[in-house]
Novice: 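One structure coming up, written as structure tokens, with questions to follow.
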2 protein chains.
Amino acid sequence: MSQHRHPGAPGRAGAVPALPDLPEATVARLPEYLRALHNLADTGHETVSSEGLSAAAGVNSAKLRKDLSHLGSYGTRGVGYDVALLIEQIEYVLGLTQRRAVALVGVGNLGHALAGYDGFASRGFRIAALLDADPSRVGEEINGLVVRHVDDLPTVAAEESLAIGVIATPAAAAQQVADQLVAVGVTSILNFAPCVLSVPEGVDVRKVDLAIELQILSFHEHRKASLTALPATGGSALTALPGGFAATDTQEAIGT
Amino acid sequence: MSQHRHPGAPGRAGAVPALPDLPEATVARLPEYLRALHNLADTGHETVSSEGLSAAAGVNSAKLRKDLSHLGSYGTRGVGYDVALLIEQIEYVLGLTQRRAVALVGVGNLGHALAGYDGFASRGFRIAALLDADPSRVGEEINGLVVRHVDDLPTVAAEESLAIGVIATPAAAAQQVADQLVAVGVTSILNFAPCVLSVPEGVDVRKVDLAIELQILSFHEHRKASLTALPATGGSALTALPGGFAATDTQEAIGT
DNA sequence: CGCGATTTGTGCACGTCTTCACAAGCGCCT
DNA sequence: AGGCGCTTGTGAAGACGTGCACAAATCGCG
């Protein structure tokens, strides 16, 4: 609390200072803070208050302070947080001090877009290889990288230190690709295929499904529509529905 | 709950059966159940147990039962759920009985991919318009649709009943596009730009940020590395983690 | 040098989500 | 018909996440 996060822990040669184990919800927000901080830094801000940063990140300021306190953060009461220092801290915790190599499998529609997405490069990652199972795609050059066959994975893994794999294949191929990735030592997978992957313990999988996001929005649309469709005779007294009115407490709306 | 009302019957005119207001966490999982159910239906299954469905969707079976119970579901004790009926139910609740029109703004790298993504069409949505602010892109044809200028939004909205907008522009343009979408009556936005949008109350925004997903994975990589880096030395002193092996209790592993 | 303005860090209470464990219900088999 | 095995639906307990409100800490200024 009071002191640094230099946990005298297992001192072990300047090795890794044993990460505090953060709540998952906090981890999920750190990248957002980081992005906001970079914006602030680019616009010349040297310090920022929790109020200011939380607004830029779209969260509650108390939540932000609590999140930062978890990583034993460096704020100064009465002043705020040092932007540069906080960036450094968060990047360290997220493991972004080394630029991680990512293997992208599947260069179809989506894979193409991902390969060309500069958000990866600019935020700590390097696409180390593009792979595909379709021989007709092998050899194609995208964004300066040549597509290789997915069976070359072992070779690629030998060249690079691969820890993260991105799957952008059709659902039918995803599980097999996941197995291949795991086989060459990948321990984190970002899956864009609409299916559930099964992987050994110790391997993290995160899933992004574009259609699911839309379906969630659709639900809210449906609900909004069914509410406004209610006659409501006069307003306030819409007796009927048990708790019907509560409809809009959702903070989904903005974030502040 | 107790009484069966013929639910599905989208033909059933008039009174919307008043959507139960579901927990947000449940809503977020329904699409996943739906996908799993479609798979089951395609492979000839007529019924499925909560155990089976939960496995296919990558969640805990008790959670699944509770989720389904929230929508007053139709299961038969000793048997399971009727696949076709459950599909109908979930699609109804999610508002997928009508094919919703979506406007996609920004046909750059990512926008291109989204425009060509058939997962939208196959799961209840129809891309009604492609828009971009760059005049040199206007007129281009993608997947059978011609790109129009973003200033044509009012016209598009007049032609179609737009409720959902997708933003795939650079961050700098996102807020302005969001404002334009809101102005023509869009009340749900899926935002791929790495920035926080501010919108009026009543408008839902969901954000998808590819780099953030990677950064979250990076954190877990970093943590795994810092753990394995610890010397064996009895290991007991593992800073915080009681029982180091527990590292994977996080349902991250497969589920969610 | 002390005071007031400001902002962090956090104790606490509250709400949401998850998980267990089990009673109630259903169909099948004898 | 009756019992038995299987599966749903749910009460209750606990874990987790959130937000308020305030004490502690710091700076700037007179």
Side-chain angles (χ1 to χ4, degrees), chain A residues 1-5 20-30 32-33 45-83 85-86 89 243 246 249-256, chain B residues 1-4 20-30 32-33 45-83 85-86 89 240 242 246 249-256:
Chain A
M1 340 262 79
S2 34
Q3 280 308 357
H4 256 218
R5 257 311 146 160
D21 58 340
L22 310 173
E24 206 34 50
T26 295
V27 174
R29 282 187 294 265
L30 287 181
E32 192 69 47
Y33 302 155
H45 296 71
E46 299 207 340
T47 64
V48 64
S49 68
S50 65
E51 202 64 47
L53 182 53
S54 68
V59 303
N60 177 301
S61 71
K63 202 188 313 196
L64 178 131
R65 288 198 297 277
K66 188 154 291 185
D67 282 342
L68 294 187
S69 79
H70 281 128
L71 37 94
S73 106
Y74 297 69
T76 310
R77 300 179 188 221
V79 177
Y81 298 90
D82 181 294
V83 173
L85 184 55
L86 201 47
Q89 277 281 307
D249 55 51
T250 152
Q251 72 283 45
E252 286 287 1
I254 305 185
T256 281
Chain B
M1 300 254 200
S2 32
Q3 91 259 74
H4 272 206
D21 57 340
L22 310 173
E24 204 38 48
T26 295
V27 174
R29 282 186 295 264
L30 287 181
E32 192 70 48
Y33 303 155
H45 297 70
E46 298 207 342
T47 66
V48 63
S49 69
S50 66
E51 202 64 50
L53 181 53
S54 70
V59 303
N60 176 301
S61 71
K63 202 188 314 198
L64 178 131
R65 286 198 298 278
K66 186 150 289 186
D67 282 342
L68 294 187
S69 80
H70 281 128
L71 38 93
S73 107
Y74 298 69
T76 309
R77 299 179 189 221
V79 178
Y81 299 91
D82 181 293
V83 173
L85 184 56
L86 201 47
Q89 274 281 304
D249 56 51
T250 140
Q251 70 281 45
E252 286 290 356
I254 303 187
T256 289

Novice: Please enumerate all residues that pass side chain to side chain donor-acceptor pair (under 3.5 Å) together with H70(B), with sequence neighbours excluded.
Specialist: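 Partners of H70(B) by the side chain to side chain donor-acceptor pair (under 3.5 Å) criterion come out as none, since no residue qualifies.
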Novice: Strictly below 4.0 Å, heavy-atom distances to any atom of DNA chain D: list the hits from residues 49-56 of chain B, or just say none.
Specialist: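 The answer is S49(B), S50(B).
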Novice: Just to verify, what does R29(B) make a salt bridge (charged side-chain N to carboxylate O under 4.0 Å, His left out) with, not counting sequence neighbours?
Specialist: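 Scan of R29(B) (salt bridge (charged side-chain N to carboxylate O under 4.0 Å, His left out), adjacent residues dropped) gives D67(B).
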Novice: Return the value, rounded to whole Å, for the distance between atom CG of L68(A) and atom P of dT7(C).
Specialist: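 Result: 16 Å.
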Novice: Shortest non-hydrogen contact from V48(B) to L53(B)?
Specialist: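 Minimum heavy-atom separation between V48(B) and L53(B): CG2-N, 3.5 Å.
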Novice: Please report, rounded to the nearest Å, how far the C1' atom of dG17(D) is from the CD atom of E24(B).
Specialist: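 In whole Å, dG17(D) C1' lies 15 Å from E24(B) CD.
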Novice: Check nucleotides 2-4 of chain C for protein N or O atoms closer than 3.5 Å to its own N or O atoms and list the pairs.
Specialist:
none

Novice: What pair of heavy atoms forms the shortest contact from Y74(B) to Y81(B), and how long is it?
Specialist: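 Here Y74(B) and Y81(B) meet closest at O-CD2, 3.5 Å.
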Novice: Mark yes or no for whether S49(A), through its side chain, and G52(A), through its backbone, hold a donor-acceptor pair below 3.5 Å.
Specialist: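 Confirmed, S49(A) side chain pairs with G52(A) backbone.
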Novice: What one-letter contact string describes nucleotides 20-27 of chain C from 5' to 3', where B marks a base within less than 4.0 Å of any protein heavy atom, S marks contact via sugar-phosphate atoms alone, and - marks no contact?
Specialist: BB-BBBBS
Novice: Do V59(A) and Y33(A) have side chains that get closer than 4.5 Å, going by heavy atoms?
Specialist: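 V59(A) reaches Y33(A) side chain to side chain.
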Novice: Which whole-number value in Å describes the distance from H70(A) NE2 to dG11(C) P?
Specialist: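 After rounding, the reported distance stands at 11 Å.
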Novice: What is the distance from CG of L22(B) to C1' of dC17(C), rounded to the nearest Å?
Specialist: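 These atoms are roughly 14 Å apart.
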Novice: Taking CG from L71(B) and C1' from dT8(D), how many angstroms apart are they, rounded to a whole number?
Specialist: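 Distance, rounded to whole Å: 14 Å.
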Novice: Let me know the distance between CG of L64(B) and P of dT18(C), rounded to the nearest Å.
Specialist: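 Checked: the CG to P distance equals 12 Å.
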Novice: Return the value, rounded to whole Å, for the distance between atom NZ of K63(B) and atom P of dA12(D).
Specialist: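 After rounding, the gap between these two atoms is 22 Å.
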Novice: Starting at OH of Y81(A) and ending at C1' of dT7(C), how long is that distance when rounded to a whole Å?
Specialist: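 Rounding to the nearest Å, OH of Y81(A) and C1' of dT7(C) are 9 Å apart.
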Novice: What distance separates L64(A) CG from N60(A) CG, expressed to the nearest 0.5 Å?
Specialist: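 Separation between the atoms: 9.0 Å.
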Novice: What nucleotide, of dG9(C), dG17(D), dT18(D), holds the atom closest to the side chain of S69(A)?
Specialist: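 Nucleotide nearest to S69(A)'s side chain: dG9(C).
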Novice: Which atom names give the shortest non-hydrogen contact between E51(B) and S61(B), and what distance separates them?
Specialist: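 Heavy atoms of E51(B) and S61(B) come nearest at OE1-OG, 3.5 Å.
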Novice: Start with the C-alpha gap between D82(B) and E46(B), add the side-chain angles, then the distance that decides, and say whether side chain to side chain contact (heavy atoms under 4.5 Å, CB included) holds.
Specialist: CA-CA 6 Å; D82(B) 181 293; E46(B) 298 207 342; 5.9 Å; no
Novice: Can you find a pair of side-chain heavy atoms, one from L30(B) and one from L71(B), that are under 4.5 Å apart?
Specialist: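 Side-chain contact under 4.5 Å: yes.
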Novice: Quick one: list whatever passes side chain to side chain donor-acceptor pair (under 3.5 Å) with S50(A), sequence neighbours left out.
Specialist: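 S50(A) satisfies side chain to side chain donor-acceptor pair (under 3.5 Å) with R65(A) only.
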